[in-house]
Structures are given as structure tokens and as C-alpha cells.
Amino acid sequence: MLAADGRPLKASLNRALRRQKIRALFLIAPLLIFILVSFVMPIFDMLLRSVENQIVGNTLPRTVVALQDWDENADTAPDEVVFAALYTDIALAAEYKTHTRLGSRLNYEMTGISSLFRKTGRAVGRFETDVYTEAFQAADPAYADPAQWAGWMQDDNIRAALPQTTNTYDAWAQMIVEEENDIPAEEEPWDFVYTALYADAAGGAALPISVDLSAIEPVSLQASFAEIDEDWIDPDVWQTIKAFSPSYTDGYFLNAVDLLRGADGVEQRPENERLYIGQFINTFVMSLSIMGMCVLLGYPIAWLLANLPARSANLLMILVLLPFWTSLLVRTSAWKVLLQQQGVINDLLVWMRIIADDGRLTMINNQTGTIIAMTHILLPFMILPLYSVMKTIPPSYLRAAKSLGATDWTAFWRVYFPQSVPGIGAGCILVFILSIGYYITPELVGGTKGVFISNRIAFHISSSLNWGLAAALGTILLTVVMVLYWMYDKIVGIDNVKLGG
Amino acid sequence: DGHMANEMTIVSWGGAYSASQDNAYHQPYIAQSGISIINDESASEAVAKLRAMNEAGNITWDLVDVEAADAIRLCDEGLAMEVDVDEVLAAAPDGTSATDDFGGALVSDCFIPQIVFSTTFGYRTDMVPEGVEPPSGACDVFDLETYPGKRALNRNPIANMEWALLCDGVAYEDVYDMLETDEGQAQAFAKLDTIKDQTIWWTAGAETPQLLADGEIFMGSTYNGRLFSLIAEQGQPVGMAWDWQMFDLDGWVIPTGLSEDRLARTLDYVYFATDTQRLADQAAYISYGPTRQSSAPLVGKHATLGIDMAPHMPTEPSNAENTFYNNYLWWADYRDDLDAKFQAWLAQ
Amino acid sequence: MLDNENAFVAFDRVQKSYDGETLVVKDLNLAMPKGEFLTMLGPSGSGKTTCLMMLAGFETATHGDITLDGISINNIPPHKRGIGMVFQNYALFPHMTVAENLSFPLEVRKMGKSEREEKVKRALDMVQMGSFAGRRPAQLSGGQQQRIALARALVFEPELVLMDEPLGALDKQLRETLQFEITNLAHDLGITTVYVTHDQTEALTMSDRVAVFDDGRIQQLAPPDELYEKPQNSFVAQFIGENNTLEGVVQEIQGETCIVKLDSGDIIDAVPVNVSAVGDRTKVSIRPERVEFKRDRLHADAHTLKAEVLEFIYMGDIFRTRLRVAGTDEFVIKTRNAPDQARLKPGEMIEIGWLPQDCRALDA
Amino acid sequence: MLDNENAFVAFDRVQKSYDGETLVVKDLNLAMPKGEFLTMLGPSGSGKTTCLMMLAGFETATHGDITLDGISINNIPPHKRGIGMVFQNYALFPHMTVAENLSFPLEVRKMGKSEREEKVKRALDMVQMGSFAGRRPAQLSGGQQQRIALARALVFEPELVLMDEPLGALDKQLRETLQFEITNLAHDLGITTVYVTHDQTEALTMSDRVAVFDDGRIQQLAPPDELYEKPQNSFVAQFIGENNTLEGVVQEIQGETCIVKLDSGDIIDAVPVNVSAVGDRTKVSIRPERVEFKRDRLHADAHTLKAEVLEFIYMGDIFRTRLRVAGTDEFVIKTRNAPDQARLKPGEMIEIGWLPQDCRALDA
Amino acid sequence: MSGLPPYATKAQTLRYYGLRTLCGLIFFFLIAPIIVIIPLSFNAQDFFTFTPEMLSLNPDGFSTKHYEDFFSNSDWQLAVRNSLKIAPVATLISVSLGTLAAIGLSQSHVPFRRAIMAILISPMIVPLIISATGMYFFYSNPYIPIPFYGKIELPFTLTGTYLGVVLAHAALGIPFVIITVTATLVGFDNSLTRAAANMGAGPVTTFFRVQMPLILPGVVSGGLFAFITSFDEVVVVLFVGSAGQKTLPWQMFTGLREQISPTILAVATILIGISILLLFTLEILRRRSERLRGMSPS
Ligand SMILES: Nc1ncnc2c1ncn2[C@@H]1O[C@H](COP(=O)(O)OP(=O)(O)OP(=O)(O)O)[C@@H](O)[C@H]1O
Ligand SMILES: Nc1ncnc2c1ncn2[C@@H]1O[C@H](COP(=O)(O)OP(=O)(O)OP(=O)(O)O)[C@@H](O)[C@H]1O
Ligand SMILES: [Mg+2]
Ligand SMILES: [Mg+2]
């Protein structure tokens, strides 16, 4: 469709509306930017952690490269080249103290690696590689002169000739600056630099000052590592390192759905370690029950509020909002007082002789406790949308139904109820979304059975420190919530969420 | 950052424990130095938070009170500063070096020991069945026949697994070796299975005392200081069962990366707060034992109740007949694995 | 007049108060024969809807008795009264299709499926909406919804149908069409109808009788032409149609005519309606279209008045001329826009008059 | 006609689309001299409000130019245009008193306090609301609110005032009073006014000129009587007033008259308006009040038609009679309810006719 | 719902009173925890337990010591001060930005309206634990992402700072402001702003003189929700804050974990009192605004 001046109508329209659009965006922009920065980015940042795995590559850069040539299906440990790389990497990591963190990371995949790395970190300085150091220094004192080293390492020809030495020296120099706060040109290089120098020389490279190497008895690094712990020549350990050496991993996600990457690909975890699928299901089932309870309790209240004169309804509404505004922690504690076996409700029931003193009900530290407390907490989120939908159903529909001959019940069930279904839908999705992500209340009253996946996430964040797994669980949870949110938007429309009135 | 020149953030566990530190160390130190101290009670998340602070390069804490296992972990990861004990801490009044005075409590290069405590059991004296001896220790928790009623145990594998094996007849020396094997783990879980549905699992130290006070449980594990305050300060009808108490250490670590002036301030505080007298003073407020040998004789009476504190210490010989020493290093390796299994077992 | 026993619908001294303080309906008496189309007309808040609701059973009279076919219905719940009702906003069930809406009253009467379908179809055809059975109310225009509401109120063949301003929300053209359809249907099916409106044209064109409500009372209950031409009091005269009023004092009453001396001193003839004695103050009422100003059409023996043309308004089919007469500036006359019609000019002086029987002396 | 340069308000080939797909206003051209009272009349959705909003600056024309006093206002934001506006729902600020409402436009113009107070007082007196200065809008009746809205639009002495169906929500009586007040004020103050309504009576009674809108175009722009009596096309004829249409073919055109052969075979005279050639199909349009049926008033040389009375409706001041004429059942005649007026009975056969100049042959 | 009609059957009467009883029970369920808290806060013991003395209404079972503790304990006082420092500022940010954005969103030509709305509401929807951890990591080490380049790390941190907690709480409060203010704006008569513009008022004047006074109830109620969100928020503050920013809920939470003391209940009782006051204020405001709005015929 063209406008009078021959331009497309849409274009003319856009031109005409530009000012309005800019004005609207100008008003929204500050908040949008604020939310993006203060909220959305943090969440993305966290989700990234579920696949991030740079720690292996960053801590063992040389080893990871050297391992590329190793066949993980072979039943033997890698060769000396890999161990040489590992030697340098661990020696440096031990100074940075990152080897234990790597150990913890790999321990998620294979129990025992944590202590292997810790032990190795402590022992790696005591390798017998000082024979190289001594041999070089004995051959020419220049090799013991830090300034001389620094000079060589600025000479491009030498750098090109001695690739391993250069690489090792640079890393060492950086470490000296960052960790020890010293100047490399004043420090004698450490054993592993000489080890690299020896390796270069043994490979036929020309040394700055030639040295006769034939007298040196080479040290087997593989043997040295094996001496610290036999595990170093266990191919399983190396398989794990290699499998988790890429910068990104699906390991956390596999773990989050009770799978693991075994010898022949992805497989289920052993039965006694399967936890998360069950937890997800538990979270779902409990959220559904909470949702159901909220509908059952919220519907009559919303109906009453919607049909009372405005004044009384607004006063009663305060009863709905008051708990909503009372500290969550306090309400949850109050439920403890009410629900426990020696608690108020049991006492009352015993006093009324409904139950016997030894037949007190267990209503807390299990799913019942969580469901009761969470129903209480989320009930307002059901009542408010239901109420706002019911407010819009004119009483004339019920009257019409009755004038057509319907009894009270038929009129309600056939005419009123179907029209309140959108409210039920809105409330249900809202309650479900909120409950599925709950954390504090289940933590306090849920016992072992009544906890949600969020509690596991919190546990991994603050106790077990497996942040990657926490992020993976979080990502899955967030995806579920987002799907529900999207449904909510489709069905109800986000703008139709109402809080009160 | 929000640090003023005269402010220190000290992280500890809160509750009566923090109060004892406040009385024994903070208040005298504040009076002496004029520095103000902010109490943070996030010690239970210390490792996580220190890690995040370290990643961010912004350390907001000056001194952290942690259990020995965490101290080892923090030290290994370079999150806690290594300290030269003799240089940083005071010698004993008799001149014994700090190293010798603390002795075996120095479990890590970063760890400045403070107290010994134990995880042990309290029980309701008024719920002990008639004609039965009151429970004496950890193994009674598994004896539902003699001592019916609910129990409370910590919601993680540490201590519970050891007790389960021990009370199932495994020798003390073999417990960790057994736990390394699948069969050992299965045995421990099987033992725990016998009381699983009678157990409330706690996550915070305050829960067991509350449950005992409510009469919700018959017996439960918790830190011995909590039980002391429940019995002695609150006068609840609760007794203690010391056998196979799980022995543990608690102390300070200094986060790495403090600026020089903050470090100097922290070290000054540490020097003050860990001398022989202060450590003994703390025991006047809570029944945790001082880690210096030289402090032991100085332990006196409770500051307000006036009762003798020594008999309530985990180290008191009559309490320490059977003591279980936690193997921190072993747990460092097996914690993730057993944790997953333990949580899966709980959820079953 | 019909007595309550023989009436189909009867209100007998009915009163209603919502708050226990003010009476919204005061002493209502009304008797309707079967098949009548009765309209309740009145300003907003005069109690029309309240009466309807009492009849339908959604409100309870605080005093008095309502009978349907001779039986008091006070204790019959709404759904057993069998009264069809059309609501102002139609109240079509939005979650049901048109057919389902119509079938609802039959279902709750436990009618068999085939019979139901047949009746629904018949009702839809009756309002010429046969092809819309599958639609939802939201997919219909206002006029179509109105027809469905009508069909739904009639489908279970009630003997009495109540309609509360059913056309209030529609535009003029549609209103007129539907007015016509509703009256036809009601007459054809012989249904007794109580119709509420505040539009006097609607009331006049549709009804057998009109009950004019004001202040909770029926002010006049009469067929349309009687209402228009013989209003019983000045409220009715003012409310129905346009009206010129002149105030004065009765000077003489002689049977069917009286002489009124206006406040301006002019003398006019009128029919005494509710003035009773000489000396009474009165409002004399005369319809704008009954005023003559052409010499040749003025009655010989009637009094005439002098008038000054103030404004001449062109309104298409009619001319409306505002005059200053006997001291008032609001005297209006209406003339048909015919080719030979004179267009008066502001400032012109004319003489106006009317037949004495068109001029009624009412209460002051 | 006025050219755009000399006009006070001018629309020059203005187009507007909201969605980029359909044009809501198509090629609008309009020029208004200063002081004119122009009404935009048209059915719902014909683009009247849109035009007003473009003039006020709340919508932007997608094409074309709007000038005010010769200056293009496309790039002047609304608050700098200095146009007074009365909104359909009055848009009185509910949180301000009447006086504060009126004082608002003066305040934003940084007028001094005493001057403001004086102007507000004058404006309130002008609409006879002097004693309501301290009330809130919620405490006023609809008609009073309307007056305040008017006063507020005028208080800052704009040269141009726009009104969008300002009387739409009021009842008939009040409407008529206010129509009168508004026109008087506008003329007295010499304000140029654009008035939007969909009520044709209002348009006819108030305006100097009426622009009839349909489908985004002005269908006819003319003074009221010309519009009513000489509609340019069948839309205007249908829309303004009631109208009878008969369809047929032009048989003969002779200057100012033509002969049309209706589809029923009857022959009638008419004025050719927009038929151009013999053989054209046409809709012949005749106003109900111009139809005569009394023998003595029928023109001698005019064609007459036979008619059967179908329905006689009593409407108070007029009678509306529906007839079957030349094959259509919808032929209506209106007669004044005069004492001597005949009341036709359904079934009666009569003869009807009209003056040829009242009957217009329009587009089919 | 007027009273029972005279023709009500037995079943109807039963249903009528049955429903009312049921609703009464549900209302009781809603406020039961609150009813329990108040007496327990006067417990003479240090536990959350109704002691026999309390049940027999023996005055010895009651004391105000937990209130005294609250008012004398420096940790609680610090927490109160922090809460009062953080919540109002966070509320101010949410309300000012939120109101502006809600007004922007309510205009007719907003590109990507749904998507923007979804993003703005998301802090309410995303599980708190996820938000908290995300903020924890990101605020520790904030950066600016540059597409196709990487990121610029910012040389400061927000965790453990007042600003960090305020930002996080402001983000959490925003959905409430957006929801309530948008709802208010739905009922807002746009012709009022047009009228103002028409009379010569610029956008800013129009906003402050016309729009703001009228949507004030929505803004206030959104602000109250935002305030309560911050005032009652524990998960995020535990992660993002540090002891220097410990708020009342923080203090309550650590209190519940480390030492179960009825001081928490005393605090809660005081807060409930304040909530009731606020709710009544809100109701009065609402009635006032209804009076104001009732006027413009719709
Ligand atoms: N449910 C109610 N509670 C209290 N007062 C009511 C109720 N319904 C109506 N009223 C009052 O009763 C009076 C009559 O109301 P009613 O609805 O019968 O008038 P109406 O003639 O139908 O008016 P309208 O033409 O505006 O519909 C009014 O003053 C109204 O305020
Ligand atoms: N903001 C808008 N966005 C999209 N379409 C619109 C908008 N406003 C009006 N329209 C459309 O433009 C057309 C003309 O609308 P406008 O409001 O100008 O009509 P109107 O002549 O004023 O009608 P009414 O008598 O009903 O007020 C209508 O079809 C309407 O649906
Ligand atoms: Mg009514
Ligand atoms: Mg319009």
C-alpha cells in the first residue's frame, strides 16, 4: 500500500510515529538498562557457569596440549612428554595455589583426584630435576645468573631456538612477578626451567652457551609422579583430565540429570547417587499440590471477596494481605510452632480427644509441612488474580441463569465457574512458578523429603561449592520457569497480572 | 570499599559462641585499641564467600572463624594466608613457644587454633524410660528399643557415617578405611536406615536445642556448647552423652589479599585474642576448651552462673574416654561423593 | 379496571427499601392482563429496575404482595418462576455458543436432546439468526446479541417476559429496527411483557400501556396517546415529549374548560385537569406542535397571545422556533419543513393560539 | 471558495494511517475562515476524531500538511499550538477544584496570580458557574462538568477551539440546552470552532457549515439547509435525516428536472443531482415530511403513486406511517400530530405525491 | 451477595452458612501464624514454645525481655538501621524508574512491548536462589560485555557494599511497581494528559501536575510492595550483602539458624503492627483516590 507521495504507507507511518516511539523508549530505557545490568546479566553470567570449564585449560595449559596426542582408549598412561608438561604446569599451579581448586573440580568427576593434586602440589618441588640445574650451572656460571637469563630471554633468536624453555621461563617470570612480588632478572630460575632447557637441548636445539649433556642422567618424570601416587599412571585419571580439558563441558548438565560420562559415553549414575531427577519430580509434585491447595482455599475466599460490598471486601482483603506482608521467616517459624508434634495443633487435637497423646500427627519436617507452609505463603498470589477476574464477572450472569430456570448450583457451575477459569489459570501458573523456585520455607520446614531443587542449588552454592552443578540445576529450573512464564504470557498476558483491587 | 580506617569485620558463627568471643576478645580489644568490630555471622558459608571474594579481588572480611577442615581447604586453595605461628602469636607465659603450646591443634599452615569443641549428644532426662540407664553416647542413638523416641542428626554425612560404622561394630581405626569401600558405605547406610524414620535432620546448630526444649525429640546431636547453655543457662531437663563425641577444632584464618594496614590490624587483634589468658577467658562464657595447653589450668568458673567450667569441656577426661577424631583430609576427598550418596539416601 | 385477582401480573401495595431508611418503591399498585405489553418509563433512579427485579425474584419486596396468575410469588425462588428476562447488557454467557446459550434453559428443565435442538432452532429462526448458532456472543454485533438475548428469554416459552432497557446501548437506527421486531414478536406470540426504558419515544411507539415512574410511584398509567395528549400532572407532561409551560392562576372553571390568567396578565383557555378550584395556581401545558401562528389556521373563538420570535432553528424535517411569550423566553413551536412553510425571522412579532382542548391546566 | 493561504485552518491533502495498511483519513482538504463554526459529522469510525487529533497535535498525519493561520503546524508540539479543546468526557482534572482546573492553562503560561483569578472568575461567570469555583468535578452533574470543560477551553482565549462530541454522554434535554449555549458563546466571542458529532440534529442546529465524513473522506461540505435539502450523494441523503429511497432508471433529463422510471414501472419526476445520462441507474430520494397524501395538497402537475398503509405509529408530536410504495415496504411518511391530522389505518389505500424539486435523483 | 432471600430452602441456608464458615476457617488459616507469633514474643523463656506457665496465663510465663533485647542489642539495632537505609533507597529507585517505564509502556506505540514487559517482570518470576547466586557472582566481579570483543572488567565490586544490596533490591521490587502502576494506568484517562498538553503544559508539567497526582495510589501501593520486598528479603541480601549491610531479615535468618531466640518474634510483632498501619493507610488512600476518580465520567 502506497501513500499519496508514492512512498510505502508503512514508511510514512513509521516516520509519523517516530517521535512517539522514541518518547516511549526514552521513558522505558532507564529501567530496561537498569534491569538488564542489575538482573539479566547476572543471571546469564551465572548460567554460563554451568558449561564453563576453563579451569582445566587454564591450570594445566601445557598438559592439555600435550594430551591431544595421547589415545584415551589405550590402556596405558601417557608418555614422558605429557608428564614433562604436567611437571611445569603443576609446579606453577602450586605456586598460584590453583591446583587444589582444579583437584576439587575434577573430584566431581572422579573421587580421589582432589587429594592426588594436593599431594602432588606439595611434592612437585622435591623432584630430582635439580640434577639438570646443577649440571647447567656447573657447566657455565652464566646459567646461574638471573640477569643473563633475562637477557637471553629477550633475544629473539634464542627464543626461537629454545621454544620450551622460552614458554616455561615466561610463565615462571610472570609467576615471580605476580605471586612473589620479585623481579625475574634478580631471581635464579627454578628447576623446571632447567628441565625445559634440558628437553630443548636434548631435542637438538642450540644452547646460548653450549653444554655437554651426555653426562646428565635423565630423570623420568613419569616415574617421579608415579612415586607420589600410583594414580598418576592410572589411565582412568588421565581419561578424566582429557575428557574435561575443553573449555566448555556438559558434565554439570549430565550430573544434573543423574547421568555421567563413563568409559563408553553417557550413562546413568549408579542408583545410590541418583538424586536430581527425583528431586525435580518431587519439586514438581509438591508445587502441583501447593497449587491445588491454593485453588481449593483461594477460590471460596476470592468468591466471597468479589461478591461482598466493596467496603467489607476491602477490609477482609487486609486479612489476605497481612500475612503477605509479614516476614516470610517469621511465618515459617510460626508454622513450626503450630505444626510440630508437641505443637499447638497437636496439643489442641489431643485436648479435644481427636487423637491420642501417643498418636500425635507428624505434620512438619516432611512434605506436609512444606505444603502447608507454602500454601499459606502463596495463597495471596492465588486469591489476588482470582479476585480480579471474578470482579469482572457481572452478577447479571447468575441472575440470567436463574431467570432461565437454573438452580443456584447449576447457575454457579455452568455459568459462573467457567468464567472464573481464566482466573484459576492465572493464579495456578503464578503460584506454580513461584513455588517451584522456593528455597527458604522448605529449608526450614521441609525436613528431608519436603525440600525443593532450589535447596540443592543453595547447598551446592554455599556448602559443597560445586557452582557449576548449581548453575546447571539452576538453568534447568529456569528453563522450566521460563516455559511456564511464556505460557502465562500467552494465556493471561503479563499486563493482566494484578495485585489487589 | 566500605572499610573505614578503624573498622574490622570478623566472621564467626553467631549465637552464644559469638557472644563468648565478644565478651572474651572483642570488648577488651575494643577498649584497648579503639577499633570497632563488625560481627558477621556467615562462618557457615565462609569458604564459598571467600572464594567469591577472591574471584572478585575484593576481600571484605578481615578475620574468619572456621572449623579445621575448612581451614585446610582454604589454605590449600590459597584463600587463607599462611602464618608463621611463632612470629604472629604470643608465647605462653612460661615462655613455651606458640608452636609447642598449640601443639597438635596446628592442623594447617593457615590455621590459628582457638577452641576445641565436639559434636555430641543431648537427651531429655524426663523422657528416659523408667528403670533404664540414661544414654551415654553416640551408639545409644541407634538403640531404638531401649530409648524410643525421635532423634536429631546433622543433615550431612560427616560424623553420622563414622558413628554408624563404629556402632555397627567396626573398630575405631578401621572406620575410614571401611568408608572408602562400597561395602563400608553400604554398611553405614544400613545402620542409619534403622533409625531413619525416627530422625529429624538438622542443618543449624540451634535446631537440636530447640527440639529438645520442645520435647520434639528424645536425643540429638549438636555442638557441646549449645547443650551446655541449654542445660546450665536455660535449665532445661536435658542431659549429655559424651561417648564417641566427634572431636573438632575451630580457629581463625586470615583471608589472603588484605591490604597492609588491614593485615597489620588483623594480626594485632589475633595476637591479642589468642594469648593464654584470652583463650581461657572464653571458656568462662561457653563450654569449649582452649587450644593452648597453657590455658587449661586457667579455665575457671562460668562468668554469670559461677559454676566450674572444666567438667563441661570436651577435653575433661571423664568426658573424653572415647573420642572420635575427625579425619579432615579424608573428608576432603570423599565429601562430594558421600554427600551425593547421603542426600540420595535421605531422599529415598 | 382490572382487579388483582383476574390480572396476570399484579403488584399490590408493594414497597421496597434497600437500606431500611428510604423507600425506593412506594406503594406500587399495578395490574396487567395477559398478553399486554406494558412499559415502565421514568427517569434514572425512579425504581423501574427494582420493580422488575422484585418480579423476577432477585429482590424481595419489603412490604406488599406480588402475584403471578393469581398466586403470590414471594416465596418462589427465581428459577422456579418461569419468567423470561432480557437484561440491559444481554448477559449472554460468554463461554457458550449461541446455541448453547439458548439450549441452557431447556437443559436445566431436563428436556431431551432432540426436542432441545428443535426448539433452539425454531427460536433462532424466529429472530433470524439461524446461521449464527455456532458463534460465541463476543463474535456478534450489539444488535445480534440483543436478538439472541431475546430468543433465549423466549425459548422456554415463558408466559411473562421482562426486559430491562434492552436497547439502551444500541445506536438509533438499530434501536428502531429492534423496537419494531420486539413488539411484533411479543404480539405474535401473545406474551405478556414488562418493558423498562427511560426513552419516551421507545415507550410511546412500543407499548399497549405505559407506566410513568417517578420517585418510586406510578405517576400515570395509560396508553401512549392518552399519556401524550392527556398528561395527568405536570411531571408527566414535562417528561413525555416537549412541552411549553405557562404559569398562572385559574380564574374560572366551566365543566370541560377553564380560564387561566397568566402571570403576565394574559388570559387563555385550557382544559382543567388537576386544578380543582378557582384561585388555584396552575401550570398550563401546551405541546409545541399544537401551537398555530398562521392567521388563517387560528381558531376564531380561542384566545391568542402575542409573541416575539427569538430564534429560528433549522432541524431538517422540522423547524423549531423559540419565542418570547407571556414573559417566558423558552416557548417553543415546531413546524414541519414543508415547501410552503414560513421561515420566521428573529425579531418578527407574531400572534399564536391553540385549541382550548390542546391546552391543559395542571398542578403547579 | 477559500483558498488555503487565506484560511485560518486548512487541511491540505492530509492522509492518516494507524497501522500502515489502511488509510483512516484519505486525502482530506478543508479550509476554514476565521470565526466559522464547522461541524464534522459522520458515522462511527469515519475518521472525525482522528482529524481533530491531528489538528490538536496528538496524532501525526502520515502525509499532507495542516496549517493554522498560514503556518504549518506539523512540527509544533501540542502544548505550543494554543488550541482550546473540549473532550468527549470533558477530561476535567479530578484532583483539582473547578477554579484550579480553569487556572491551570493560565499557570502554565506563567500568568500572575491576580490576573489569573480575574480571568477564571470571568470564564466561570460566562458559563454561569461562578458559585461552583471551589467544587471538585466529581461533585458536579454532567451538564455542569460540560460547562466547566468549555470554560477551561476558552479561559486562555484561544483563537481555535476543538470539541469532540462534547455532548455525547448527556441526556436529551440537557443536550439541547447546551447546544444552544455553545453556539451562542462561540459566536459571541468570535471563536473559530471545529465541532465533532455523530448526531445529525446537533450538526444541523449548531453549525455554520457541516462536513459530512464517511470512509475517511468529506462527502459534502455545506451549510445545514443545503445539506438537508440538496444532498450531493445518496450517502449524505441517507445519513442526514430520515429518507425514502426508490430505485429506478433515468428516462429523460430536461435541465432542472428528469423523469425516472422506477423498478416497479411507476414514473416519477425528480431533480437530477448526480445522474448524468439517460439510462443511468439512480436512487431517488424524498424526505418523509415532504410527502403529501391529502388530495387537496397534492400538486396538480406532479406524478403520484399508489400506496398501502402498513403501520401507523404514534410518536407523540408526530405520526409516522409506514407504507408499501412501488414495491418497497419501508416507505415512511411523517405527519404532525395536529388536531386535524388524519390517523391513517393499516390496510387503507392512499395516493401520495410530492413537489418534483423535493425529490432528488442521486447516484445508485 | 445480599442476605438470604425468604424463599431460601434448607439446603440453601446450609450452603450459605457453610460457605461463610469455610471462608472464616480459611481466613483463620491465613492469620493463624500471626496470631501465634504475638503471644510467643512475650515468652519468658528463650524458646519458641508455649510453656505451661503461658498456657495457664501465669504472669511469670510472660516477659518483655525479648523486646528489651531487641532495643538494646547492637546487632539488631544495626539491622534496623540498615533495613531503614536500604529499603527506602531501593524503593525510591524502583518507584522512580518503574513509574517512568510503566508510563512509557502504557503508550500506544511501543516496539517490543511484550518482550520488554517480560524482562521487567522477570525478577518476580525467576527463582530467588537463581537471582541471588547470579547477582552474587556478577556483582562480585562486574563487567561490561562488548559484543564480538569480550568484556571489560570493571575495577570495583558490588558484593558486600551498600550499593550492591540496594541495586539488587531495587531490581526485585521493580515488577511490583510495574504491575501496580500499569494497572493504574489502564484506568487512566489519556485525555487528561492530552487536555493538559492542549492547554499549553509541557510534558514535565503534565507529568507532575496531572498524571502523578492521579496515579499516586498505584505508585504508592507499588512502592509499598517494593518496600516490603526489600524489607522482607533474605536470600539475596545473604548472598550480595555482608555483615556491614545486614538487614532485619538477615539478622532473623542467621538468628533462626544459629540461635532460635524469641527476639525474632518480638521484631516480627513490631513489624506486623507496622504492616497493619500501612495496610490501613493504603486502604484509606485507595478510598480517597476512588472518590477522586469517581468523578470523571467514563
Ligand atoms: N442494590 C442496591 N442497593 C442499594 N440501593 C439500590 C440498589 N439498587 C438500586 N438502588 C437504589 O434504588 C433506587 C432505584 O434504583 P433502580 O435501579 O430501580 O432505578 P431505575 O429506575 O432502574 O434507574 P435507571 O434508569 O438508572 O436504571 C436508586 O436510588 C438506586 O440508587
Ligand atoms: N489509536 C488508534 N489505533 C488504531 N486505529 C485507530 C486508532 N484510533 C482510531 N482508529 C481507527 O481509525 C478509524 C477512525 O477512527 P476515529 O476515532 O477517527 O473515528 P470517529 O469518526 O471519531 O468515530 P466515533 O464517532 O466512533 O468516535 C476507526 O476505524 C478506528 O478503528
Ligand atoms: Mg435500571
Ligand atoms: Mg471519535
Side-chain angles (χ1 to χ4, degrees), chain D residues 18-20 49 52-53 55-60 77-96 98 100-111 135-142 145-146 148-149 152-156 158 160-162 164 168-170, chain E residues 99 103-114 181 183-221 281-282 284-298:
Chain D
Y18 283 107
D19 52 7
T49 299
L52 219 57
M53 289 298 158
L55 190 50
F58 302 120
E59 298 290 351
T60 324
H79 65 276
K80 302 223 171 104
R81 296 195 182 183
I83 298 176
M85 185 149 180
V86 181
F87 290 81
Q88 174 159 17
N89 56 359
Y90 317 141
L92 296 177
F93 303 134
H95 57 297
M96 300 183 188
V98 164
E100 282 163 357
N101 261 287
L102 260 68
S103 149
F104 184 85
L106 307 176
E107 267 173 68
V108 300
R109 286 184 170 68
K110 311 244 167 3
M111 201 172 275
R135 294 232 195 145
R136 298 266 166 137
Q139 297 165 311
L140 302 177
S141 74
Q145 289 185 25
Q146 211 287 331
I148 300 299
R152 191 181 63 173
L154 299 175
V155 71
F156 61 99
L160 175 61
V161 173
L162 314 180
D164 191 2
L170 304 182
Chain E
T99 307
I103 290 172
L105 280 170
S106 71
Q107 311 209 325
S108 41
H109 301 285
V110 185
F112 313 115
R113 186 167 186 283
R114 274 178 107 83
V181 178
T184 318
L185 282 170
V186 167
F188 187 81
D189 183 356
N190 261 325
S191 60
L192 291 178
T193 48
R194 290 186 161 190
N198 197 261
M199 285 180 268
V204 178
T205 318
T206 306
F207 177 75
F208 282 107
R209 292 285 311 275
V210 176
Q211 206 160 12
M212 195 61 191
L214 289 171
I215 61 172
L216 197 62
V219 175
V220 167
S221 114
T281 316
L282 206 65
I284 288 165
L285 269 179
R286 209 188 50 72
R287 286 193 181 172
R288 201 178 85 97
S289 92
E290 219 149 69
R291 264 206 330 273
L292 280 182
R293 266 164 180 258
M295 38 192 90
S296 62
S298 48

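So you know, we letter chains A, B, ... as the sequences are listed, proteins then strands, and number each from 1.
Between D/Pro94 and E/Leu214, the shortest heavy-atom distance links the atoms CG-CD2, 3.3 Å. Minimum interatomic distance between E/Pro203 and D/His79 (heavy atoms only, all atoms of both residues): CD-CE1, 3.8 Å. The heavy-atom pair separating E/Asn198 from D/Gly84 by the smallest distance is OD1-C, 3.4 Å.
For D/Phe58, the parts lying near chain E are the backbone and the side chain together; criterion is any non-hydrogen pair under 4.5 Å. At a 4.5 Å heavy-atom cutoff, the contact between D/Arg109 and chain E is made by side-chain atoms alone.
Of the residues listed (D/Glu100, D/Glu107, D/His95), the one engaging E/Arg209 in a side-chain hydrogen bond (donor to acceptor under 3.5 Å, both in side chains) is D/Glu107, and it is the only one.
Residues satisfying the side chain to side chain contact (heavy atoms under 4.5 Å, CB included) criterion with E/Ser191, sequence neighbours excluded, are D/Phe87, D/Asn89, D/Ala91, E/Asp189.
Of all the listed residues (D/Pro77, D/Gly142, D/Pro78, D/Pro105), the one sharing the greatest number of non-hydrogen pairs under 4.5 Å with chain E is D/Pro105. Residue with the most contacts toward chain D among E/Val210, E/Thr193, E/Thr206: E/Val210 (heavy-atom pairs, distance under 4.5 Å).
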